[in-house]
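Structure first, commentary second.
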Amino acid sequence: MTATVLCVARDSTHRFSKVPRPAITLLARLGVAGDAHAGRTVQHRSRVRADPTQPNLRQIHLIHAELLDDLALRGFAVRPADLGENVTTRGVDLLALPRGTRLRLGEAVVEVTGLRNPCAQIEAFQPGLLKELVGQDEAGQPVFRAGVMGVVLVGGDVQPGDPIEITLPPQPHERLQRV
């Protein structure tokens with residue numbers, strides 16, 4: 001299966017879900033044009049309160065559609081952009097990618113920085129959903145399933161149907177951690 005972009009979304013205000021669009025423009029070192037989370041420094045409200053000078057490692061949020069399919073089998077109705085992602089993908093296991101992986105999305109290039117750390121707002125969106133997105137492995141360590149975050153290296157337009165090209169970083173690979 002070819003990895004492709006299924007949906008793109010942005011929202012200029014800090015809301016839980018984003019609005020699907022026919023296309024989005026990624027801006028190098030900033031994020032998604034017109035999105036509330038774009039910027040060189042952190043834009044997520046809780047992180048701004050903690051330290052507004054932190055670099056923004058969460059300029060763009062990607063979720064794999066296979067997660068949404070799995071959630072549907074468990075009784076949850078979650079559409080692309082509902083969980084606040086900018087890009088919904090199909091055909092790539094985002095959670096298995098190492099830190100520093102580069103994804104060419106349409107004209108743009110994104111570098112994966114880490115895992116999305118889901119917040120309690122997910123539970124308000126649909127009760128029980130947070131437990132599906134944050135679990136534990138056999139060793140009792142948290143497992144985050146709510147997609148990955150990244151920074152924009154090369155700007156450009158991205159739209160549904162665009163292929164995704166994956167470039168892994170040099171070995172040794174680092175597992176994704178939450179950012």
Side-chain angles (χ1 to χ4, degrees), residues 5 7-19 21 24-64 67 80-89 92-125 129-130 133-137 141-158 164 166-170 172-179:
V5 173
C7 178
V8 296
R10 67 175 169 77
D11 196 332
S12 60
T13 60
H14 288 276
R15 286 186 260 243
F16 181 73
S17 298
K18 295 203 183 284
V19 179
R21 309 286 178 166
I24 56 174
T25 300
L26 303 189
L27 305 172
R29 304 287 177 211
L30 291 174
V32 180
D35 193 81
H37 296 104
R40 293 183 193 280
T41 56
V42 293
Q43 300 298 310
H44 287 77
R45 291 182 287 193
S46 63
R47 292 165 194 260
V48 169
R49 281 191 300 273
D51 178 3
T53 66
Q54 296 175 71
N56 189 1
L57 302 178
R58 299 168 58 106
Q59 293 175 356
I60 184 166
H61 175 204
L62 300 94
I63 282 185
H64 49 296
L67 172 63
D82 277 354
L83 297 179
E85 74 272 18
N86 301 107
V87 177
T88 310
T89 66
V92 57
D93 186 355
L94 295 172
L95 303 179
L97 297 173
R99 186 173 161 274
T101 297
R102 293 185 178 187
L103 304 172
R104 177 171 289 283
L105 311 167
E107 301 171 347
V109 176
V110 170
E111 184 174 297
V112 177
T113 56
L115 297 169
R116 177 188 182 198
N117 182 17
C119 66
Q121 289 181 25
I122 288 175
E123 196 62 20
F125 177 69
L129 188 55
L130 183 60
L133 297 175
V134 180
Q136 290 185 343
D137 64 15
Q141 297 299 311
V143 175
F144 300 99
R145 298 180 53 208
V148 299
M149 307 304 290
V151 294
V152 180
L153 299 180
V154 176
D157 293 335
V158 182
I164 301 172
I166 302 165
T167 304
L168 297 176
H173 291 161
E174 292 180 50
R175 281 186 50 198
L176 294 176
Q177 303 294 320
R178 64 186 175 139
V179 293

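Taking 4.5 Å as the limit, every side-chain heavy atom of L97 sits out of range of all side-chain heavy atoms of V148. In this structure, V110 and V87 have side chains that are not in contact, with every pair of non-hydrogen atoms separated by 4.5 Å or more. Between T88 and V5 the shortest side-chain heavy-atom distance does not fall below 4.5 Å. Using a 4.5 Å heavy-atom cutoff, the side chains of I164 and T89 are in contact. Residues T25 and V32 have side chains not in contact (no heavy-atom distance under 4.5 Å, counting atoms from C-beta outward). At a threshold of 4.5 Å between non-hydrogen side-chain atoms, the residues P169 and T101 count as touching.
Note that the CZ atom of F16 and the CD atom of Q121 stand 6.5 Å from one another [nearest 0.5 Å]. Expressed to the nearest 0.5 Å, how far OG of S17 lies from CG of L83 amounts to 7.0 Å. For the atom pair CG of D93 and CD1 of I166, the computed distance is 9.0 Å after rounding to the nearest 0.5 Å. Note that the CD atom of E111 and the CG atom of L103 stand 9.5 Å from one another [nearest 0.5 Å]. We find the CG-CG distance between L94 and L67 to be 9.5 Å, quoted to the nearest 0.5 Å. Rounded to the nearest 0.5 angstrom, M149 CE and L62 CG are separated by 8.5 Å.
Residues E107 and D157 share a closest heavy-atom pair of OE1-N, 3.0 Å. Minimum interatomic distance between N117 and R58 (heavy atoms only, all atoms of both residues): N-NH1, 4.0 Å. Nearest approach of E123 to L129, heavy atoms of both residues: OE1-N, 3.6 Å. The two residues C119 and L130 have their closest heavy-atom pair at O-CD1, 3.9 Å. Closest approach of D35 to D11, counting heavy atoms only: OD1-N, 3.0 Å.
Put simply, the side chain of N86 never gets that close to the backbone of R10: no donor and acceptor are under 3.5 Å apart. Formation of a donor-acceptor pair under 3.5 Å by the R99 side chain with backbone atoms of V112 is not found in this model. Listed for the Q54 side chain is a donor-acceptor partner under 3.5 Å among the backbone atoms of D51. Looking only at distances, a side-chain donor or acceptor of E85 sits under 3.5 Å from a matching main-chain atom of A81.
In this structure, H61 has its ring center at least 6.0 angstrom away from the ring center of H37.
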query = Can you list the steps and then say if V92 with H64 is a side chain to side chain contact (heavy atoms under 4.5 Å, CB included)?
reply = CA-CA 7 Å; V92 57; H64 49 296; 5.6 Å; no
request  = Apply side chain to side chain contact (heavy atoms under 4.5 Å, CB included) to the pair V109 and V152, showing each step before the final yes or no.
outcome  = CA-CA 6 Å; V109 176; V152 180; over 6 Å; no
request  = Please test V143 against Q136 for side chain to side chain contact (heavy atoms under 4.5 Å, CB included), starting from the C-alpha separation and ending with a verdict.
outcome  = CA-CA 5 Å; V143 175; Q136 290 185 343; 5.7 Å; no
message = For R29 and R40: C-alpha separation, side-chain torsions, deciding distance, then whether side chain to side chain contact (heavy atoms under 4.5 Å, CB included) applies.
response = CA-CA 6 Å; R29 304 287 177 211; R40 293 183 193 280; 3.2 Å; yes
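Between the side chains of T41 and N56, no donor-acceptor pair of N or O atoms lies under 3.5 Å.
Using a cut-off of 4.0 Å between Lys/Arg side-chain N and Asp/Glu carboxylate O, D82 and K18 are scored as not salt-bridged.
More than 12 heavy atoms of other shown residues, nucleotides or ligands fall within 6.0 angstrom of atom CZ in R145.
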